[in-house]
Amino acid sequence: MNIKKIMHVENLTHFYGNQIGCKGINFDLYKGEILGIVGESGSGKSTLLKCLSGEISPSAGKINISLDQGGVKDFLSLPEQEKRQLMRSMWGIVHQNPRDGLNLRISAGGNIAERLLNVSEKNYSFLRNTGKYWMEKTEMDPDRIDEFPLSFSGGMQQRLQISKILSSNPQIVFMDEPTGGLDVSVQAKILDTIKSIVRDINVTMIIVTHDLAVVRFLTDKLLVMKDGIVVETGLTDRVLDDPQHSYTQLLTSSILQV
Amino acid sequence: MKTGFNFAYLDEATKRMIRRKILKAVCIPGYQCPFGGREMPLAYGWGTGGIQVTASIIGKQDILKVIDQGADDTTNAVSIKNFFKRVCNIMTTDRTAEASLIQTRHRIPETTLNKDQIIVYQVPQPEPLRKLEPKEKETRKLHAYKEYALMHVKLYEEISQFGSVIKTWAYPVETNNRYITDPTPIPKFDNPKMNNMEALQLFGAGREKRIYAIPPYTKVKSLDFDDHPFEIQTWDECCSICGSTKSYLDEIIINNEGKKNFICSDTDFCKSNLEKNK
Amino acid sequence: MKIIELKNVNKKFILHNQKGTVLNVLKNINLEIKTGECIALVGKSGIGKSTFLKMLYGNYLPSSGEINIYNNNKINIANSLEHQIINLRKYFIGYVSQFLRVLPRVPTIEIVSDTLKQQSLFDEHSLIKIKKLLSELNIQESMWNLSPLTFSGGEQQRVNLAKTLIGNYSILLLDEPTASLDDINKSIVIDMIKSKLKKDVTIIVIVHDKKIRNEICTREINLEKYIPNDN
């Protein structure tokens, strides 16, 4: 079976002045894979995510992407327009704080509609039905489609953000600490929702988190970062159950038992 | 004509600059061109943009008509007409068909404009996306990359809240399949007239210092959804003066009991209609 | 036809954060396993039987050597891309661990059907098949829609078995599948393993009960001979 490689990252490096953000990052991402990036605060995982999602342009390195249409492209030299278009439809970021990813001045349904309108669906009932479908899929009450994001709880806002991103059937979803600001019970439910959606649709994801339980739940493979470099990589359960690098061993042995 | 002024008030260098901007605007239908707007002897918000555009293109043979909300005899229209009479010594008219140049605030005349005419709109806010995206840097990108989802989201929100699009004036249009354009605060009743219009349409925003244009015979489409198509206003009543049923009607409260009448907003059309019917 | 091949496999653990202690576990493993064999791993407790199984599943990384799985082509588990191993696990190798590890809140029946969904084998008859398997394993119908995380140890193990046995795998790795089961359930599980063997499934099993080993296994591999002598 031949699985398509959709992202190839080579020697990706970013400096903030003299300070290392991330250095010499290499990995490949295949269609349908869920990649976790773990590491402590300041390990460079967020910098890496920003480089990958086009939010900052790295100091050096290469990112080749392979889109459903258009073959292999050099992501870093894409014109701004194409990058923006990519982020608005083919790719998507789920931010840690849902308020960064939602437009608070428009309703829940409007937020989802905005994403769909980027791929040019000018049909009201379609927008409406798709909005409700995705709200249901993320275990929200579709009757609340006309309410504004601020009337939702933090967990619901996060669900709304996920609905919004997934509604356009994206090729790659980037998640930055998707359950970061939520309490444990809400966290578990959202992870469960994400997991069941992943089972249903063949979406490729890159998840940045410091939470090893999250990566064990959701991801197929793992990059472990420390001080801006990747210290270990491999199958998620392999890295967590048989860590090779001293930092990974420290990380996995630091989990508190409940 | 008053002496001590250049013809049409503005100096020739300024007029040339504005004409260049107008040419650029005509070349890129619906695109907002920044221009070096001048101080006019009139406060911002009273048509300084429109006046500068008119002043730059007016010639000695032109016959000028100025309307405000469709009427030739309201303050804004009368004072602008008098201004040009004074600084150009040109003819003015109330008759739409006689005019070669029409400056307007908030209406398009009911009489169909022809290819020898130019209509100049006064523009309060040239940026249709401004209320949705406050940053100019961002709105320029949205236009440049044709990222217009937000505009449709606005319509979506109105349908979901009120059952239909409630925006009745300054209803956004797409010009020449490209730029989303603010048609100025004309009623949406007038939007279809902009489509494929024979006359050249010029838009001047004095405070915002922008000029944009819709060349003759250009496609202008009011935004809508497939299943919620664009519709114009209709009235059950007719004009209580001329009896017209196909013009844009203003609602007038005529006594303290709240009795109301409807009359044509376009005074010239109303007058000619009345004469014709006699 | 060989289906699994180990070449010069060594496994040691280096505990960097415990003064760099090196634990040499297994050394110089060279062996072949043929399709349809049922191999029992034997050796005293702590010798590395689970480690051996986990290496075959790609869960543990050999320190050196090759572990080749012969699917249509050869895949070296010790040195393959993640998605290849994941694919192998989806369709080819099933693993039943000692402890059930599942998402909270997911009902038992869904956990079991998930295996079929992953293998794209889920159809209108699947639910009947799943229900039959669960009843055979003596899991009461009232529990099918509950998450197994609240079940007893034996029940959890049977769910764990059901989850893997429902699938259409060519290799099964079973880590003490009968450990916490009573005699009735034990014999049920043994029968299921036997019927898998009839379908030419290759099984590698850790089981302490000699009687069971004699009943199902075609060969025993004693890990004693792979203990490094420098330990």
Side-chain angles (χ1 to χ4, degrees), chain A residues 1-6 27-36 139 184-185 187-196 198-202 204 213-214 216-223 231-254 258, chain C residues 11-21 23 25 48 50-51 53-63 71-73 75 77-92 95 97 99 101-107 110-111 113-120 122 147 149:
Chain A
M1 211 163 97
N2 222 342
I3 299 177
K4 193 175 166 192
K5 189 193 284 185
I6 55 178
F27 70 88
D28 288 331
L29 187 69
Y30 291 82
K31 195 172 167 59
E33 261 185 335
I34 300 180
L35 171 72
E139 293 171 44
V184 187
S185 61
Q187 218 177 61
K189 285 181 197 158
I190 291 204
L191 290 177
D192 187 21
T193 305
I194 297 175
K195 183 83 187 172
S196 69
V198 167
R199 272 187 301 190
D200 280 8
I201 59 172
N202 191 20
T204 311
V214 170
R216 177 158 325 246
F217 265 151
L218 291 178
T219 66
D220 300 324
K221 68 177 181 186
L222 215 51
L223 300 181
V231 295
E232 186 164 354
T233 167
L235 272 181
T236 300
D237 63 274
R238 210 280 294 146
V239 173
L240 295 180
D241 292 342
D242 186 16
Q244 309 289 311
H245 189 272
S246 67
Y247 176 69
T248 320
Q249 290 183 355
L250 180 69
L251 207 61
T252 52
S253 62
S254 305
V258 182
Chain C
K11 179 62 188 171
K12 60 183 175 191
F13 293 100
I14 305 168
L15 308 177
H16 294 283
N17 301 309
Q18 292 177 48
K19 301 178 186 129
T21 312
L23 299 175
V25 182
S50 291
T51 300
L53 271 195
K54 284 177 178 175
M55 283 197 294
L56 292 185
Y57 197 56
N59 182 227
Y60 280 10
L61 189 70
S63 309
N71 188 358
N72 289 326
N73 33 18
I75 292 174
I77 284 246
N79 180 25
S80 283
L81 292 171
E82 292 83 0
H83 73 267
Q84 290 173 321
I85 300 177
I86 285 170
N87 207 34
L88 212 59
R89 288 177 176 184
K90 226 185 243 179
Y91 298 104
F92 203 68
Y95 171 60
S97 58
F99 305 103
R101 196 169 215 163
V102 290
L103 277 176
R105 289 210 309 162
V106 182
E110 247 175 66
I111 289 170
S113 47
D114 200 39
T115 307
L116 290 177
K117 281 178 189 163
Q118 282 198 354
Q119 296 194 331
S120 322
F122 194 84
S147 163
L149 288 180

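Throughout, a chain's letter reflects where its sequence line sits, starting with A, and its residues are numbered from 1.
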- Message: I need the C:N59 CG to A:L240 CG distance, nearest 0.5 Å.
- Response: 9.5 Å
- Query: Relative to chain A, which of C:Q118, C:R101, C:Q18 shows the most heavy atom pairs under 4.5 Å?
  - Reply: C:R101
- Item | Flag side-chain contact, heavy atom, 4.5 Å: C:E82 against A:E33 | yes
- Item | Nearest-0.5 Å distance, CD1 of residue A:I3 to CG of residue C:N87 | 5.0 Å
- Query: How many angstroms lie between CZ in A:R238 and NZ in C:K54, if you round to the nearest 0.5 Å?
  - Reply: 13.5 Å
- Task: Identify the two heavy atoms, one from C:F13 and one from A:D242, that lie closest to each other, and give their separation to 0.1 Å.
- Result: CE2-OD1, 3.4 Å
- Residue part contacting chain A, namely of C:Y57, when any heavy atom lies under 4.5 Å: neither
- Message: Just verifying a value: how many Å separate C:I14 CD1 and A:Q244 CD, rounded to the nearest 0.5 Å?
- Response: 7.5 Å
- Task: Could you tell me whether a side-chain N or O of C:N17 sits under 3.5 Å from a main-chain N or O of A:S246, the two making a donor and an acceptor?
- Result: yes
- Task: State the NE2-NZ distance between C:H83 and A:K4, to the nearest 0.5 angstrom.
- Result: 13.5 Å
- Item | Under 4.5 Å from a heavy atom of chain A, the part of C:N72 involved | neither
- Charged N-O contact under 4.0 Å between C:R89 and A:D237: yes
- Task: Please flag which part of C:K12 lies under 4.5 Å from any non-hydrogen atom of chain A: side chain, backbone, both or neither.
- Result: neither
- Query: Of the backbone (N, CA, C, O) and the side chain (C-beta and beyond), which part of C:L61 lies under 4.5 Å from a heavy atom of chain A, both, or neither?
  - Reply: both
- Engaged part of A:K189 at the chain C interface, taking heavy atoms whose separation is under 4.5 Å: both
- Message: If I measure from the heavy atoms of chain C, does A:Q249 come under 4.5 Å with its side chain, its backbone, both, or neither?
- Response: both
